[in-house]
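Only one structure is covered here, and it is reproduced in the block below.
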Amino acid sequence: MPAGFRDGAVGDPAGRPAGAGSRGRAARRIAPGLLLVLLALTGPWLAAHPLGTPVTAPYAAAGEGAVLGGDQLGRDVLSRLLHGGAALIGGAFLIAVVVTLLATVLGCFAVLHPTLGRAVERAADVLILLPPVLGIMLIALAWPGGGRWAVIAAAVVLGTPYAVRVVASAAAPLARAGYVEAATARGERLSYIALRELLPNLRSTVLALFGLRFVEAVYVISMAGFLQIGPQPPAADWALMVRENAPGILLNPWAVLAPSLAIAVLAISFNLASASLSSGPSRPSRPSRSSRKADTTP
C-alpha cells in the first residue's frame, strides 16, 4: 500500500501529508503581505534621503539621485514611500482588532439574549445606513484636533455594526446546539456560554472577519487621507502622496503610482492571507469539556 494511504492517512504518493500543499499555498499568499509590512516598519531606516529635504526638481523623473523621482516639492518619492506605510498599517491593524473584538463579543451575546439581540440589530440597521464618508466627516468635525485618531474612531464606529451582524448570523445556528442548551440548563452565566461554548467554534468566521475589517480599514484611512481628513501635509502618507502629486502625474507617474500600488498590494495580500488562514483544515464543532461531562452524567 502506498505510504500516503498507510494507516488511513491521506497524502500524495511521495508520502507528504495531505495538508502540506495547502500550507504551502497559504505561505505563498501570506509572504507578500508580511514582506510589505516588514518593509513598511523598517522603511524609515532604509530611506536614502531625509523626509522633507528636496533632492531633485519638482516632479523630476526617476534617475540616479532618486529611484522613483521627485514629488511636487522635489522630495525623494521612494524615501517618503518608505516612511508612509507604518502609520497606515498600524491604524488599519488597530481598527481591525477593535472592530473584530467588539463584533465577536456583541454578536455572541446578541444570539443568547433576545432583548440585547434586538437592540443590537436595530442599532446596526441605523448605523449601516450612514455613508462612510459622511460619518468620517462628522466625527472629524466634532473632533477637530483628532487627526488620525478621529479617522480611527470613525472607522470603528462605522465598521462595528456590519461586523456584529456577520458574527451573529454565524453564531445563531450554534446557539441552538445541544451543548449550548445543556449549559443553559445547568445555569451557566451568559458570559461563560458566549466565550466558552460559542466563541471556540467561530474561529474561521472571526479570522475572515478580521481580514475583511483590515482591508476596509486600509480603504477608509486611505480615503480620509486623500480627502485630507486625518494626516496633513507635510506628513508622509501614501494616500496623501496620491493627492499631492496628482497634478504632476504626467511628469513623474511614479509619484502617484507607487503609493497607489502600495495600498493595493497591502489590501490584496492581507485579504489573501486571512482567507488562507480562515480556510484551513476545518474541525467539527464540539462542546467544551464541561458540556461533555454534563451530557454523559446520568
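All of these numbers come straight from a predicted model, not from anything done at the bench.
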Does [X] use its side chain to pair, donor to acceptor, with the backbone of [Y] at less than 3.5 Å?
| X | Y | value |
| --- | --- | --- |
| Ser79 | His49 | yes |
| Asn252 | Gly70 | yes |
| Trp238 | Leu88 | no |
| Arg243 | Phe226 | yes |
| Asp76 | Ala66 | no |
| Ser222 | Ala239 | no |
| Thr100 | Val97 | no |

Heavy-atom closest contact ([X] atom, [Y] atom, distance):
| X | Y | value |
| --- | --- | --- |
| Leu240 | Pro233 | CD2-N, 3.6 Å |
| Leu68 | Ala258 | CD1-CB, 4.0 Å |
| Gly52 | Pro54 | O-CD, 3.4 Å |
| Phe93 | Phe210 | CE1-CZ, 3.7 Å |
| Cys108 | Leu202 | SG-CD1, 3.7 Å |
| Ala163 | Arg213 | CB-CD, 4.3 Å |

Quiz prompt | Electrostatic pair Arg80-Asp237, nearest N-O below 4.0 angstrom | solution =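 Salt bridge flag = no for Asp237 with Arg80.
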Taking the side chain as every heavy atom from C-beta outward, state whether [X] and [Y] have any atom pair closer than 4.5 Å.
| X | Y | result |
| --- | --- | --- |
| Glu244 | Leu73 | no |
| Leu39 | Leu35 | no |
| Met137 | Ile229 | yes |
| Gln72 | Pro58 | no |

To the nearest 0.5 Å, what is the distance between [atom1] ([X]) and [atom2] ([Y])?
| X | Y | atom1 | atom2 | answer |
| --- | --- | --- | --- | --- |
| Ile263 | Met223 | CD1 | CE | 12.0 Å |
| Thr53 | Arg75 | OG1 | CZ | 10.0 Å |
| Leu266 | Ile89 | CG | CD1 | 5.0 Å |
| Glu216 | Leu209 | CD | CG | 11.0 Å |
| Ile249 | Tyr59 | CD1 | OH | 10.0 Å |

Single-linkage hydrophobic cluster [X]~[Y], side-chain heavy atoms < 4.5 angstrom:
| X | Y | result |
| --- | --- | --- |
| Tyr162 | Val215 | no |
| Leu41 | Trp45 | no |
| Leu251 | Leu78 | no |
| Leu212 | Val99 | no |
| Leu158 | Val98 | yes |

Practice problem: Sequence neighbours left out, what passes side chain to side chain contact (heavy atoms under 4.5 Å, CB included) with Ala217? Give chain and number order. | Solution: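 So Ala217 forms a side chain to side chain contact (heavy atoms under 4.5 Å, CB included) with Ala92, Ile95.
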Practice problem: Apply the test side chain to side chain contact (heavy atoms under 4.5 Å, CB included) to residues Val156 and Thr160: give CA-CA distance (whole Å), side-chain angles for both, the deciding distance (0.1 Å), then the verdict. | Solution: CA-CA 6 Å; Val156 170; Thr160 302; 4.0 Å; yes
Quiz item: Once the angle between the rings of Phe270 and Phe214 is folded into 0 to 90°, is it parallel (under 30°), tilted (30 to 60°) or perpendicular (over 60°)?
Solution: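 Answer is parallel, since the angle falls under 30°.
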Exercise. Check whether more than 12 heavy atoms from other residues, nucleotides or ligands sit under 6.0 Å from atom CH2 of Trp149, and answer yes or no.
Key: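 Check fails, neighbour count at 12 or below.
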Quiz item: Run the side chain to side chain contact (heavy atoms under 4.5 Å, CB included) check on Leu94 and Ile152 step by step: do they pass?
Solution: CA-CA 8 Å; Leu94 178 61; Ile152 292 176; 4.2 Å; yes
